[in-house]
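Below you will find the structure I want to go over with you.
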Amino acid sequence: SPQAGINAGVMFEISFNRFISLQPDIVFVFQNGNSNEYYYKSNFSNKNENIWINQNLLYLNVPVNVKFKFPITPKMKAFMLLGPSFNTGIFGTDFKVRKEQKSSIESDFTLKKEKLGETFGKAGYLSRFDFAINYGAGLEFLDKMFVSVEFNQGLLNLAKDRKNGAHFKNSCISINV
């Protein structure tokens, strides 16, 4: 399940005319999320445990969007974005989160976090590079300020262990001001 992250970066705009421009961005994106809770039989205690995986990922995304502008008033324009994005995983850490019951009361539990290791690199389980499609829409005010919502959908299976059925595609929804 996705969780809130944060992004920061810079964008450039190269206008072809008053309706179409090219907008390359360089954005640092901190993403995190949890896998769905699942049960498994522990090798250590021979009992079922509730666990999930918590991921913290830092990416450098470089979307290159074509921006289509639609004037609404002389000082406000709506726009749509569409283009490829070249994404690189810079840092990532995964944690196994285990739910331990203290008593028979369902709400009486503690959460234990255990670091699983690095996400990227030789020891990691994800490939560092991703190719994605980026699209979005927004409003531009006074040719200087804007607000937009963008979706960056990875197209590659980043899991290194594909032969055993592992599958991981990256996605990110961002609200930009």
Side-chain angles (χ1 to χ4, degrees), residues 1-14 20-44 49-68 79-99 111-138 146-177:
S1 63
Q3 294 179 340
I6 190 166
N7 67 23
V10 295
M11 58 162 267
F12 309 94
E13 189 167 341
I14 303 160
I20 299 174
S21 61
L22 187 66
Q23 181 181 304
D25 302 359
I26 299 172
V27 185
F28 287 97
V29 181
F30 177 71
Q31 301 171 204
N32 56 43
N34 289 319
S35 67
N36 293 330
E37 185 173 357
Y38 62 94
Y39 303 93
Y40 83 106
K41 189 150 203 128
S42 171
N43 293 331
F44 303 107
E49 293 182 333
N50 300 12
I51 70 161
W52 59 94
I53 305 299
N54 175 259
Q55 295 176 310
N56 300 300
L57 306 172
L58 178 63
Y59 273 87
L60 177 66
N61 292 358
V62 182
V64 182
N65 294 307
V66 176
K67 185 175 186 179
F68 303 95
F79 63 85
M80 294 183 344
L81 302 167
L82 177 65
S85 185
F86 307 93
N87 306 338
T88 302
I90 296 172
F91 176 78
T93 304
D94 294 338
F95 295 92
K96 178 172 78 170
V97 182
R98 188 173 68 244
K99 186 181 191 180
L111 296 177
K112 304 283 185 175
K113 260 183 143 175
E114 174 188 336
K115 185 176 178 179
L116 293 177
E118 297 301 316
T119 306
F120 305 109
K122 288 185 180 185
Y125 68 95
L126 291 181
S127 296
R128 189 173 297 277
F129 301 103
D130 193 11
F131 179 72
I133 187 81
N134 194 73
Y135 54 92
F146 71 94
V147 62
S148 69
V149 175
E150 293 182 38
F151 187 69
N152 189 287
Q153 175 61 58
L155 300 175
L156 305 177
N157 181 3
L158 300 179
K160 289 182 180 177
D161 191 19
R162 293 183 200 122
K163 66 182 176 212
N164 291 323
H167 188 80
F168 185 93
K169 283 193 178 181
N170 207 356
S171 63
C172 177
I173 297 172
S174 61
I175 300 171
N176 307 303
V177 182

Self-check item: With S148 via side chain to side chain donor-acceptor pair (under 3.5 Å) - residues at least two apart
Solution: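 For S148, the residues satisfying side chain to side chain donor-acceptor pair (under 3.5 Å) (neighbours in sequence not counted) are N176.
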Self-check item: Minimal non-hydrogen separation, S171 against Q153, with atom names
Solution: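 Minimum heavy-atom separation between S171 and Q153: CB-OE1, 3.5 Å.
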Quiz item: Are the side chain of R128 and the backbone of G89 linked by a donor-acceptor contact shorter than 3.5 Å?
Solution: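 Flag set: sc R128 to bb G89 pair under 3.5 Å.
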Self-check item: Contacts of F151 that satisfy ring-ring contact (aromatic ring centres under 6.0 Å, His included) - sequence neighbours left out
Solution: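 For F151, the residues satisfying ring-ring contact (aromatic ring centres under 6.0 Å, His included) (neighbours in sequence not counted) are Y135.
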Quiz item: Distance from L60 atom CG to I90 atom CD1, nearest 0.5 Å?
Solution: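 If we round to the nearest 0.5 Å, L60:CG and I90:CD1 are 4.5 Å apart.
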Self-check item: Gap between atom CD of E150 and atom CD1 of I175 - 0.5 Å precision
Solution: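 Interatomic distance, I175 CD1 to E150 CD, rounded to 0.5 Å: 11.0 Å.
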Quiz prompt | Worked verdict on N152 versus S85 for side chain to side chain donor-acceptor pair (under 3.5 Å) | solution = CA-CA 8 Å; N152 189 287; S85 185; 3.0 Å; yes
Exercise. Would you mind reporting whether L158 and D130 have side-chain heavy atoms less than 4.5 Å apart?
Key: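 Yes; the side chains approach each other to less than 4.5 Å.
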Quiz item: Atom CG of N7 and atom CZ of F28: how far apart are they, to the nearest 0.5 Å?
Solution: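 One gets 11.5 Å once the value is rounded to the nearest 0.5 Å.
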Quiz item: Which distance, rounded to the nearest 0.5 Å, do you find between the OG of S174 and the CG of N61?
Solution: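 Nearest 0.5 Å value for the OG-CG distance: 9.0 Å.
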Quiz item: Are E13 and S21 close enough that a side-chain donor and a side-chain acceptor fall under 3.5 Å?
Solution: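 Checked: E13/S21 side chains pair up, N/O donor to acceptor below 3.5 Å.
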Quiz item: Rounded to the nearest 0.5 Å, how far does CE of M11 lie from NZ of K67?
Solution: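 The NZ atom of K67 sits 5.0 Å away from the CE atom of M11.
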Self-check item: Heavy-atom closest contact (C172 atom, Q31 atom, distance)
Solution: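 Taking C172 first and Q31 second, the nearest heavy atoms are CB-OE1, 3.9 Å.
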Self-check item: Contacts of F79 that satisfy ring-ring contact (aromatic ring centres under 6.0 Å, His included) - sequence neighbours left out
Solution: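 For F79 there are no ring-ring contact (aromatic ring centres under 6.0 Å, His included) partners, ignoring immediate neighbours.
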Quiz item: Quick one: CG on L81 to CG on N134, what's the gap to the nearest 0.5 Å?
Solution: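 Output value for this atom pair is 7.0 Å.
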Quiz item: Only one of T88, N170, N87 forms a side chain to side chain donor-acceptor pair (under 3.5 Å) with Y59, so which one is it?
Solution: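 Single side chain to side chain donor-acceptor pair (under 3.5 Å) partner of Y59 among T88, N170, N87: N170.
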Quiz item: Taking atom types as modelled, is there a side-chain donor on T93 or N56 under 3.5 Å from an acceptor on the other?
Solution: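 No, because no side-chain N or O of T93 sits under 3.5 Å from a partner of the opposite role on N56.
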Quiz item: Between F68 and I20, is a side chain to side chain contact (heavy atoms under 4.5 Å, CB included) present by the stated rule, with each step listed?
Solution: CA-CA 5 Å; F68 303 95; I20 299 174; 4.1 Å; yes
Self-check item: L22 and V64, any side-chain heavy atoms less than 4.5 Å apart
Solution: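 Yes; the side chains approach each other to less than 4.5 Å.
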Quiz prompt | Closest non-hydrogen atom pair, F91 against F120 | solution =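 Reported closest heavy-atom pair: O-CE1, 3.5 Å.
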